[in-house]
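Just below is one structure, and these are the notes that go with it.
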Amino acid sequence: MTIYLVGNAPADFDSPDSSNTIHFFASSVSTTTGSSTNDGVGMAVRGTPNGFAIDFSQDSSEFWLTYFVKADWSQANNTPLTFKGSDGTDILRFRQTASSSSQIDLWDGSAWINVVSTFTFNPATDPSRFDLKFKMHDTAGVIEVYKDNVLVGSYSGDTLRTSSTTVSRVALNNYYTSQSAYVFQAIYSQILAMDTSTRGVIVKQLEPSAAGNYSGQDSGVYTDIDEVIPTYPAVDQDKLVFSVADAKASFPTGSLPSSYDTGWQVISLVVSPRVARGIGSSVSTVAPMVRTATGVDAFASPQTAPETTFNNRFAEFTVNPDTGSAWTVPQANSAQIGVKVAT
């Protein structure tokens, strides 16, 4: 379970709710290109120049994106991030111009133009959190780049297309060289897009820690699924197995440190199981679920499980089904997480 919290927020932070959130993104890949693997916490991008993309739940002309990144290699002319419109055309790009410097460019319809000048960043030696703000507008466009909560680059002006220019997808790519014999890796984690500031938001991940109230699986126990990061490259195949429709299993998780009990608001709980189904299996969908301390269950909409190959599915729970209000930290700590399977 991934928990998004906000606390000690900067002055420009507007408390988000389920009505104004673009997209919470924990560990599911909406589009995969090439040799990418999902380890449940970060996205490991291996090879050259493979990567993956995530889709916003709604097109937006103004949004924030935050993520952590660490790369094993860096050099000039890498483009780790590309922002695209609904038609697939490029709009913005985050480009590495030298081994330790980057910039942001805008596609004006015929050529790339630099809009945020060079700022220092070497992902091989300086893994960092980025918070990026974008506002597309013909007279009041804005870009802000925060590295580890420090403003390192910005732009304001009248050349960021128009307010009708919207972004619907961000592609996250590898840091690589043109030497195809080499294999490089970039790790992205805690990726989150919102239509309010991300700078006060932190992400915490909790894993199953005990047997739960439900145990509908044919085989497997919580210790089979309690890993933050499966071992690479030999990812273990321990799992829960279900063969009966409507079977469900839920498990308690570890707790957030007590320092989060006060002064922090829980924005959302995200449940993200790795799932697969056997060829011809009659059990073909999975619904992530949460179970409150009082025994109230909430199920996400069923999602099709991929056949034979494991991949992540995820669901966001923005309110406690007991109360209809935002989760408190103690409520989130006492919740169980799991899945329900169906035909």
Side-chain angles (χ1 to χ4, degrees), residues 1-28 30 40-43 54-58 60 62-68 129-134 144 146 148-149 167 170 188-207 228 252-273 288-293 296-301 312-338:
M1 174 171 65
T2 307
I3 301 180
Y4 295 94
L5 307 101
V6 58
N8 305 316
D12 60 355
F13 186 86
D14 298 319
S15 294
D17 58 34
S18 58
S19 66
N20 69 7
T21 301
I22 294 176
H23 188 51
F24 282 108
F25 180 78
S27 56
S28 64
S30 60
V41 173
M43 302 301 167
I54 60 173
D55 294 324
F56 295 173
S57 60
Q58 64 191 59
S60 182
E62 184 173 358
F63 63 93
W64 285 76
L65 178 79
T66 185
Y67 62 96
F68 286 78
R129 169 176 173 151
F130 279 92
D131 292 90
L132 309 177
K133 177 183 180 179
F134 296 96
E144 294 176 357
Y146 295 87
D148 297 325
N149 214 29
V167 172
V170 56
Y188 294 91
S189 66
Q190 301 188 12
I191 309 162
L192 172 63
M194 296 173 61
D195 62 0
T196 54
S197 174
T198 57
R199 290 178 56 213
V201 179
I202 65 168
V203 180
K204 294 293 183 181
Q205 185 152 322
L206 305 177
E207 286 71 49
V228 177
T253 69
S255 296
L256 293 170
S258 59
S259 57
Y260 292 102
D261 287 350
T262 59
W264 292 85
Q265 172 193 345
V266 177
I267 301 172
S268 180
L269 306 185
V270 171
V271 179
S272 181
M289 64 172 286
V290 295
R291 179 179 173 85
T292 69
V296 175
D297 293 332
F299 302 97
S301 299
N312 281 62
R313 297 295 183 262
F314 91 111
E316 178 189 3
F317 299 88
T318 58
V319 298
N320 182 337
D322 260 347
T323 65
S325 301
W327 298 88
T328 65
V329 171
Q331 289 169 354
N333 283 338
S334 63
Q336 294 188 18
I337 61 171

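- Looking at every heavy atom in both residues, Ala326 comes nearest to Val266 through CB-O, 4.1 Å.
- Side chains of Val170 and Leu65 form a contact here, defined as non-hydrogen atoms less than 4.5 Å apart.
- At a threshold of 4.5 Å between non-hydrogen side-chain atoms, the residues Leu132 and Phe134 count as touching.
- Annotation: the span from Ser60 atom OG to Met194 atom CE amounts to 12.0 Å, rounded to 0.5 Å.
- With Tyr146 as the aromatic partner, Arg199 meets the cation-pi criteria of under 6.0 angstrom to the ring centre and within 45 degrees of the ring axis.
- When all heavy atoms of Ser268 and Glu316 are compared, the pair lying nearest together is OG-CG, 2.8 Å.
- The minimum heavy-atom distance linking Gly254 with Leu206 is given by the pair O-CD1, 3.0 Å.
- Side-chain atoms of Trp327 come within 3.5 Å of backbone atoms of Phe317 as a donor-acceptor pair (strictly under, hydrogens ignored).
- The distance from atom CG of Asn320 to atom OG1 of Thr328, rounded to the nearest 0.5 Å, is 7.5 Å.
- The distance from the OG atom of Ser334 to the CG atom of Asp322 is 8.5 Å, given to the nearest 0.5 Å.
- By the 4.5 Å heavy-atom criterion applied to side chains, Phe63 and Val167 are counted as neighbours.
- Atom OG1 of Thr196 sits about 7.0 Å away from atom CD1 of Ile267, to the nearest 0.5 Å.
- Of all the heavy atoms in Gly338 and Val271, the pair that sits closest is O-CG1, 3.9 Å.
- Atom CG of Leu269 is separated from atom OG1 of Thr318 by 9.0 Å, given to the nearest 0.5 angstrom.
- No donor-acceptor distance shorter than 3.5 angstrom exists from the side chain of Thr198 to the backbone of Trp64, with no hydrogens or angles considered.
- Taking the side chain as every heavy atom from C-beta outward, Thr253 and Glu207 never approach each other to under 4.5 Å.
- Salt bridge Asp131/Arg129: present, at least one basic N to carboxylate O contact under 4.0 Å.
- Using a 4.0 Å cut-off between charged nitrogen and carboxylate oxygen, Arg291 and Asp297 count as a salt-bridge pair.
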